[in-house]
Enquirer: 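Below: one structure in structure tokens.
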Amino acid sequence: MKRVRFAPSPTGYLHLGNARTALFNYLFAKHERAILILRIEDTDLERSKKEYEDMLIEDLKWLGISWEEGPDVSGNFGPYRQSERVDIYKKYVQKLIEEGHAYYCYCSEEELELEREKAISEGRAYRYSGKCRNLTPEDRKVYEEKRIKPTVRFKVPDKIVVFEDIIRGVVEIDTKEFGDFVIVRKDGIPVYNFVVVIDDALMNISHVIRGEDHLSNTPKQIVIYEALGFDIPKFAHLPIILGEDRTKLSKRHGAVSVRALKDEGYLPEAVFNALSLLGWHPKEEKEILSKEEIFNQFRLEDVNSSPAIFDRTKLRWMNGVYIREIISLDDLTKRATEFFEGFGYIANFEYYRKVMEAIRDSIETLLDIKERGRVFFVDETIFSEEVIKEVRLEENFYRVVQTFYEKVKDRETLSKEEFKSITKEIQKELNIKGKALFHPLRIALTGESSGVGLDLLVDVIGAERTKLRLRRFLEYFG
RNA sequence: GGCCCCAUCGUCUAGCCUGGCCUAGGACACCGGCCUUUCACGCCGGCGACACGGGUUCGAAUCCCGUUGGGGUCACCA
């Protein structure tokens, strides 16, 4: 059975880069009928918070990603939170020490800092000197008596680590590139590069699918696998996602969390679709794909190895496609409700539904409802300086509105069909058509020079409110 | 800086592994037009790329080497 995992550290909202990693693990799992595990990497006690874990899970679910094992669903390989696995790690640290693969290091941070600075000033890369590598029991006793808390370092064998990455092919790295590294901190908490190996091995992970930023860590992990006699999983390092300035996507690139996208009115289906196309593409030249279509075709071998810049413009477009073509009107209205309410546009579901029907063709995110939707809820129209000038200057402007008002003032109803026939009449009578006819009406009814089709607008707001707005316009300019 | 990874339109990408079907295809964005008595949607068209230099070959976007550029990583963070 193939088993994969997504292992975020709960230090903030689900970042887009991590979301993409989670997504590709999910796609692989679906395609291969593998088990997906959610593991929380919270060994950094200072930055990790339970609230973040909850948000992470919430965001993942919102995106449409599900997993078979994890802290919220349990499973046979738990616990799934690293902070709860400390005893397990201790056991393996002990084993490494006993078998001579690891040793206690009493060097102080100041001491190491000095070595590091020296290395940098001499223009070479810093590597731990190995000073404590061969301490005698007597040496250790001296340190212990001074109450110096040691770290544990892994005794890195001198070799060239070779592994085959599914996405990148053969990668070779000399272990000289990193000296004996710390696997347990002074405070007794083991470090990422060590625990990730223990967890992946004990959880029977067959494929480690993660970001390229972990590529250079991989050899460190491989030597630990070897020391412990564990089977080494297959690795697939996904290309990293860059911001528009071509550096790794991070907070300073603005809204880059899944949560931010949600708040900006993006639909999870669109985000899922767009994210899956970042570094991967289907055989056919089709970009709007359902979840099933994506995971039926997804193969790690087809993932690109070059980094991609995240382009919001395309996401926006794709979100628009989902809004107007993919999601049903009822469903869309349900999802839009909280946005309507957030903007102070209060009405019942039926009314929201009508508004959505009228505006869905002209919005790309649910946040766009704020602008496009206003005219359906606010009857008070504000006329800008420019508009006022325009109305006074254009001789037919006022007349068009007045004529229209004369024709609707006694009406009880005003459907879009009725609106069309009335404007047709005006066209004949005043010999005015097109923009010259509709623009004045649009200004009178909305105060804006662009927006949804006027037939749809009057159909939704009805005869009374249409007349009210017209009267206000006529009074204002009369 | 050392090491590692990467390199096709502005952006996402197809093609590369298994050289000729490539006069390099698609999508977003942008520009123009059509449809529409208004706004959108939609449709049609245009703009636009193999980073550079050497090889190998009858033939290179595709294979090899170098240069340049970009990114990642070098912690008692994950």
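Just so we're on the same page: letters track the sequence lines, and every chain starts at 1.
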Enquirer: Between B/rU38 atom C1' and A/Q427 atom CD, what is the distance in whole Å?
Expert: 12 Å

Enquirer: With a 4.0 Å cutoff (strictly under), does any side-chain N or O of A/N304 reach OP1 or OP2 of B/rU13?
Expert: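 Checking B/rU13 against A/N304, a side-chain N or O does come within under 4.0 Å of OP1 or OP2.
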
Enquirer: Between B/rG53 and B/rG69, how far is it from one P atom to the other, in whole Å?
Expert: 16 Å

Enquirer: In whole Å, what separates the P atom of B/rG20 from that of B/rG59?
Expert: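 Approximately 15 Å lies between the P atom of B/rG20 and that of B/rG59.
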
Enquirer: With rounding to whole Å, what would you report as the distance between B/rU8 and B/rA24 at their C1' atoms?
Expert: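 It works out to 8 Å between them.
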
Enquirer: Figure out the CD1/P separation between A/I309 and B/rA7, and round it to whole Å.
Expert: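 Between P of B/rA7 and CD1 of A/I309: 14 Å.
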
Enquirer: With the sugar-phosphate defined as primed atoms, P, OP1 and OP2, and the base as all remaining atoms, what B/S/- string results for nucleotides 39-49 of chain B, 5' to 3', for protein heavy atoms under 4.0 Å?
Expert: BSSS-------

Enquirer: Heavy atoms within less than 4.0 Å of RNA chain B: which residues of residues 271-281 of chain A have one? Give them sorted by number.
Expert: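 The answer is A/L277, A/L278, A/G279, A/H281.
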
Enquirer: Between B/rG26 atom P and A/M318 atom CE, what is the distance in whole Å?
Expert: 17 Å

Enquirer: Who is the Watson-Crick or G-U wobble partner of B/rC3, with both distances under 3.5 Å?
Expert: B/rG72

Enquirer: Distance check, P atoms only: B/rC50 and B/rU11, in whole angstrom units.
Expert: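 Approximately 12 Å lies between the P atom of B/rC50 and that of B/rU11.
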
Enquirer: Any side-chain heavy atom of A/L23 sitting closer than 4.5 Å to one from A/F272?
Expert: yes

Enquirer: Output one letter per nucleotide in nucleotides 68-78 of chain B: B when a protein non-hydrogen atom lies under 4.0 Å from the base, S when only the sugar-phosphate is that close, - when neither is.
Expert: ---BSSSSBBB

Enquirer: I'd like to know if the side chain of A/S9 and the backbone of A/T11 have a donor-acceptor N/O pair within less than 3.5 Å.
Expert: no

Enquirer: Which heavy atom of A/L456 sits nearest to which heavy atom of A/F376, and what is that distance?
Expert: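 Closest pair (atom of A/L456, atom of A/F376, distance): O-CE2, 4.3 Å.
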
Enquirer: Check the distance between B/rC16's C1' and A/I167's CD1 and give it to me in whole angstrom.
Expert: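 Checked: the CD1 to C1' distance equals 17 Å.
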
Enquirer: As a test of understanding, state which of A/R374, A/R372, A/R442 forms a salt bridge (Lys or Arg N to Asp or Glu O under 4.0 Å) with A/E448.
Expert: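 Per the salt bridge (Lys or Arg N to Asp or Glu O under 4.0 Å) rule, the option paired with A/E448 is A/R374, out of A/R374, A/R372, A/R442.
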
Enquirer: Considering only the P atoms, how many Å lie between B/rC65 and B/rU23, rounded to the nearest integer?
Expert: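 Rounded to whole Å, the distance is 26 Å.
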
Enquirer: According to side chain to side chain contact (heavy atoms under 4.5 Å, CB included), who are the partners of A/R316, at least two apart in sequence or on a separate chain?
Expert: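 If we apply the side chain to side chain contact (heavy atoms under 4.5 Å, CB included) test to A/R316, skipping adjacent residues, the hits are A/Y266, A/E364, A/T365, A/D368.
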
Enquirer: What integer distance in Å separates A/N319:CG from B/rA29:P?
Expert: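 So the two atoms are 13 Å apart, to the nearest Å.
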
Enquirer: Between C1' on B/rA29 and CG on A/L315, what's the gap in Å once rounded to a whole number?
Expert: 14 Å

Enquirer: Please state how far atom CD in A/E301 lies from atom P in B/rU18, giving the value in whole angstrom units.
Expert: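 It is 16 Å, rounded to the nearest whole Å.
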
Enquirer: Is A/T423 side chain donor-acceptor paired with the B/rU37 base, going by distance under 3.5 Å alone?
Expert: yes

Enquirer: Please tabulate, for side-chain N and O atoms in residues 148-155 of chain A, each donor-acceptor pair with protein atoms closer than 3.5 Å (sequence neighbours left out).
Expert:
| from | atom 1 | to | atom 2 | distance (Å) |
| --- | --- | --- | --- | --- |
| A/R153 | NH1 | A/D180 | O | 2.7 |

Enquirer: Looking for any heavy atom pair under 4.0 Å, which part of the strands does A/K176 touch: base, sugar-phosphate only, or nothing?
Expert: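 It contacts nothing in the nucleic acid.
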
Enquirer: Quick one: A/E284 CD to B/rG15 P, roughly how many Å, whole number?
Expert: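 Rounded to the whole Å, the gap is 13 Å.
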
Enquirer: Once side chain to side chain donor-acceptor pair (under 3.5 Å) is applied, do any residues pair with A/K234, and if so which ones, sequence neighbours excluded?
Expert: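 Once residues adjacent in sequence are excluded, A/K234 has no partner under the side chain to side chain donor-acceptor pair (under 3.5 Å) criterion.
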
